[in-house]
Each structure stands twice: as C-alpha cells, then as structure tokens.
Amino acid sequence: RTMGLSHDRIRGLIKGAFLHDVGKLGIADAVLRKPGQLSNREFAVMQSHVRYGVEIVGKFEWLGDALEVVQCHHERVDGTGYPAGLKDGEIPISARIFTVVDVFDALTSRRPYKEPLSLAETMNILAVERGKSLDPDVLEAFATLAPELHRTVSSASEPELARALDRLLIQYFSSPSGAHGFRGPLRLNPPGPAVGATDLDYLSGAWSIERPKRPERRSSRRPPQRF
C-alpha cells in the first residue's frame, strides 16, 4: 500500500509470497538439503526451481497474478539475477517488493544454523544491497515501516501471527462469488495447516499441487527415480 499498489496487485503479491518457492518441489533432496556450499552444477539445478514454479502455478488460471513473484523473485535490479537477467523497472514491482521483504525476513528470523540479526544489523545489510539486488525506491519505503513491523512481529507468538495472517487473507480474498479463486472468507484453519506448518506443506497438501517431473536418468544398476 505504501508503494501505491492496487488491491488487485497486492492480492497477486500475497499469492506470490506463498508460492514463490513452490518449484523446489521439483528439486532433488540431495541438492535442496545439502548442508554445505553448492557446486556450480548443483546451483544450476537449484536455479531451475523458478522454471518448475512457473510450470506449477501456470496450471491454475486463478494464480496467474502470482507469476510475477514466482518468476522474478531471484532477479536483481543490477541485472545479475536469474532466470532472465532483468534489471531495474524490467522487474515487476511486486517481485521487487517481495525481494526486499524476503531478505528482511531471512535476516531477522531464527534458523537452525543462525540466530536472528537485530533490526540495525539487518537494515545495514539491506543498505549495502541498495541498487544491487534491492530496488532503492522500495527499500526507502520499506525503511519507514521496518521498525514497527519488526517490533510487532518479533514480539508476537505463532498463534498471534497466524491470526494476523488470517485477517490479511480475509481482507484481500473474501469474495461471495468466488471470483478470486475462493468462496467466502479464506481461512487457514481449518482446513489449512496447524501453526508451525510451512506454506509448502499447505500448498502441496491441501491444494494438491502436483510435483513437476524431473528428467529421468536411466542406469543399468537401478531404476530411474520417480516421485
């Protein structure tokens, strides 16, 4: 809203946020869960999750407005991203917004391999990426929201965050006619995931999204792997 996006554009951004990494369903666990640094070949395999994601989301007409984020969330404003090497305004605004928020979330969240960074540390890192991976205008707008956002989210419990997400989804996706892919208010619970479940669990389970097929490798010693 701060960037002036319309209601419809925000709805597409929300869908894309949920679905941005759904293409990783097509990436082998040996690459996806590798604890160390990826080789060049493995990184190329990992990059293919964007293509898989576009293939999956593209099967559903009502998810068409999520494609901007799914396809472009690894593009960089300096043109060094993938898959298309887009730069600056060539990258859809929804993807540019998502990238800033996604990096912020990654840095300020606790992970098995790291503790969350402070707000100051995070904003310093974002400032370094200004004009490189991150859009300067989006970053400037986000900087006005980040302190309150960080304070609210970091102090909230998981059930409180789930309820806040519920309210957001109702705001943007309630439709008596089902015109946006839902009938009536969309709620995560029920039949969505329990608190703590990932959006990937929800998408691959409750929404029954098929995994894309990987290229088969035939071997004389063992049959090709299949999902």
Side-chain angles (χ1 to χ4, degrees), residues 1-24 26-27 37-38 40-109 117-150 153 168 172 180 199-200 203 212:
R1 291 194 297 265
T2 301
M3 293 295 298
L5 266 64
S6 67
H7 186 94
D8 288 348
R9 202 73 183 269
I10 293 174
R11 188 166 52 242
L13 173 55
I14 293 171
K15 293 179 188 178
F18 272 108
L19 291 159
H20 71 283
D21 271 344
V22 70
K24 288 182 178 178
I27 305 300
Q37 185 174 356
L38 299 179
N40 290 338
R41 176 184 169 280
E42 290 168 334
F43 184 62
V45 171
M46 182 66 81
Q47 287 179 318
S48 68
H49 82 275
V50 174
R51 174 169 55 84
Y52 286 138
V54 171
E55 290 175 0
I56 291 171
V57 174
K59 294 180 179 179
F60 302 90
E61 182 179 354
W62 66 275
L63 292 178
D65 51 355
L67 282 171
E68 289 184 343
V69 173
V70 174
Q71 188 164 20
C72 299
H73 69 282
H74 282 293
E75 300 288 359
R76 297 166 53 100
V77 295
D78 64 3
T80 63
Y82 67 88
L86 304 179
K87 63 184 300 185
D88 297 327
E90 296 173 345
I91 306 169
I93 183 61
S94 56
R96 283 179 276 149
I97 291 173
F98 173 78
T99 300
V100 171
V101 177
D102 191 42
V103 174
F104 180 85
D105 176 66
L107 294 174
T108 57
S109 297
L117 297 184
S118 69
L119 175 63
E121 291 172 317
T122 298
M123 297 308 295
N124 285 338
I125 293 174
L126 294 184
V128 171
E129 289 299 312
R130 180 188 180 95
K132 298 177 183 179
S133 62
L134 305 180
D135 181 284
D137 293 335
V138 174
L139 188 56
E140 182 177 351
F142 182 73
T144 66
L145 307 174
E148 179 63 19
L149 177 67
H150 182 265
V153 172
L168 182 69
Y172 283 98
H180 307 307
D199 52 27
L200 211 55
L203 294 172

- request: Verify side chain to side chain contact (heavy atoms under 4.5 Å, CB included) between V69 and L19, making sure each step is shown before the conclusion.
  value: CA-CA 8 Å; V69 173; L19 291 159; over 6 Å; no
Minimum-distance pair of heavy atoms, taken over all atoms of G23 and I56: CA-CD1, 4.4 Å
- line: Closest non-hydrogen atoms of A143 and P147, given as atom of the first, atom of the second and distance, are O-CD, 3.4 Å
message: Applying side chain to side chain donor-acceptor pair (under 3.5 Å), can you list everything that pairs with S133, at least two apart in sequence or on another chain?
response: E129
- request: Please assess L5 against I97 for the test side chain to side chain contact (heavy atoms under 4.5 Å, CB included), listing each intermediate value before the final yes or no.
  value: CA-CA 10 Å; L5 266 64; I97 291 173; 3.8 Å; yes
message: To the nearest 0.5 Å, what is the distance between CD1 on I91 and CG on L86?
response: 6.0 Å
message: How close do V57 and A66 get, counting heavy atoms only, and between which atoms?
response: CG1-CB, 4.3 Å
statement: side chain to side chain donor-acceptor pair (under 3.5 Å) filter on E121, not counting sequence neighbours, yields S118
query: For Q71, what residues pass the side-chain contact (heavy atoms from CB on, under 4.5 Å) criterion, not counting sequence neighbours?
result: V54
- line: Closest heavy-atom pair, L126 versus L139, reported as atoms and distance to 0.1 Å, is O-CD2, 3.4 Å
Side chain to side chain donor-acceptor pair (under 3.5 Å) pairs, two or more places apart, involving residues 85-97: E68-S94, R96-D135
query: Is there side-chain contact between T108 and L119, with at least one heavy-atom pair below 4.5 Å?
result: no
query: Can you list the residues that meet the side-chain contact (heavy atoms from CB on, under 4.5 Å) rule with L145, with sequence neighbours excluded?
result: T2
- request: Only pairs at least two apart or in different chains count here, so list each side chain to side chain donor-acceptor pair (under 3.5 Å) that has a residue in residues 98-107.
  value: D105-S109
field: Test side chain to side chain donor-acceptor pair (under 3.5 Å) applied to D65 - qualifying residues, sequence neighbours left out
entry: K15
message: Using the side-chain contact (heavy atoms from CB on, under 4.5 Å) criterion, which residues pair with P83? Sequence neighbours excluded.
response: V50, E75
task: Starting at CG of L168, measure out to CD1 of I14 and round the result to the nearest 0.5 Å.
output: 4.0 Å
- prompt: Is V138 close to I93 at the side-chain level, that is, under 4.5 Å between some pair of heavy atoms?
  reply: yes
message: According to salt bridge (Lys or Arg N to Asp or Glu O under 4.0 Å), who are the partners of E61, at least two apart in sequence or on a separate chain?
response: none
message: Does either side chain, that of D8 or that of S6, offer a donor lying less than 3.5 Å from an acceptor on the other one?
response: no
Contacts of type salt bridge (Lys or Arg N to Asp or Glu O under 4.0 Å), residue R51, not counting sequence neighbours: E55
query: Of all heavy-atom pairs between I27 and S48, which one has the smallest distance, and what is that distance?
result: CD1-OG, 3.4 Å
Closest approach of M123 to A146 (non-hydrogen atoms, all atoms of both residues): SD-CB, 3.9 Å
task: Can you sort out the partners of H49 under ring-ring contact (aromatic ring centres under 6.0 Å, His included), two or more places apart, ordered by chain and number?
output: H73, H74
- request: Hey, could you give me each pair passing ring-ring contact (aromatic ring centres under 6.0 Å, His included) that has a residue in residues 85-107? Not counting sequence neighbours.
  value: H20-F98, F104-F142
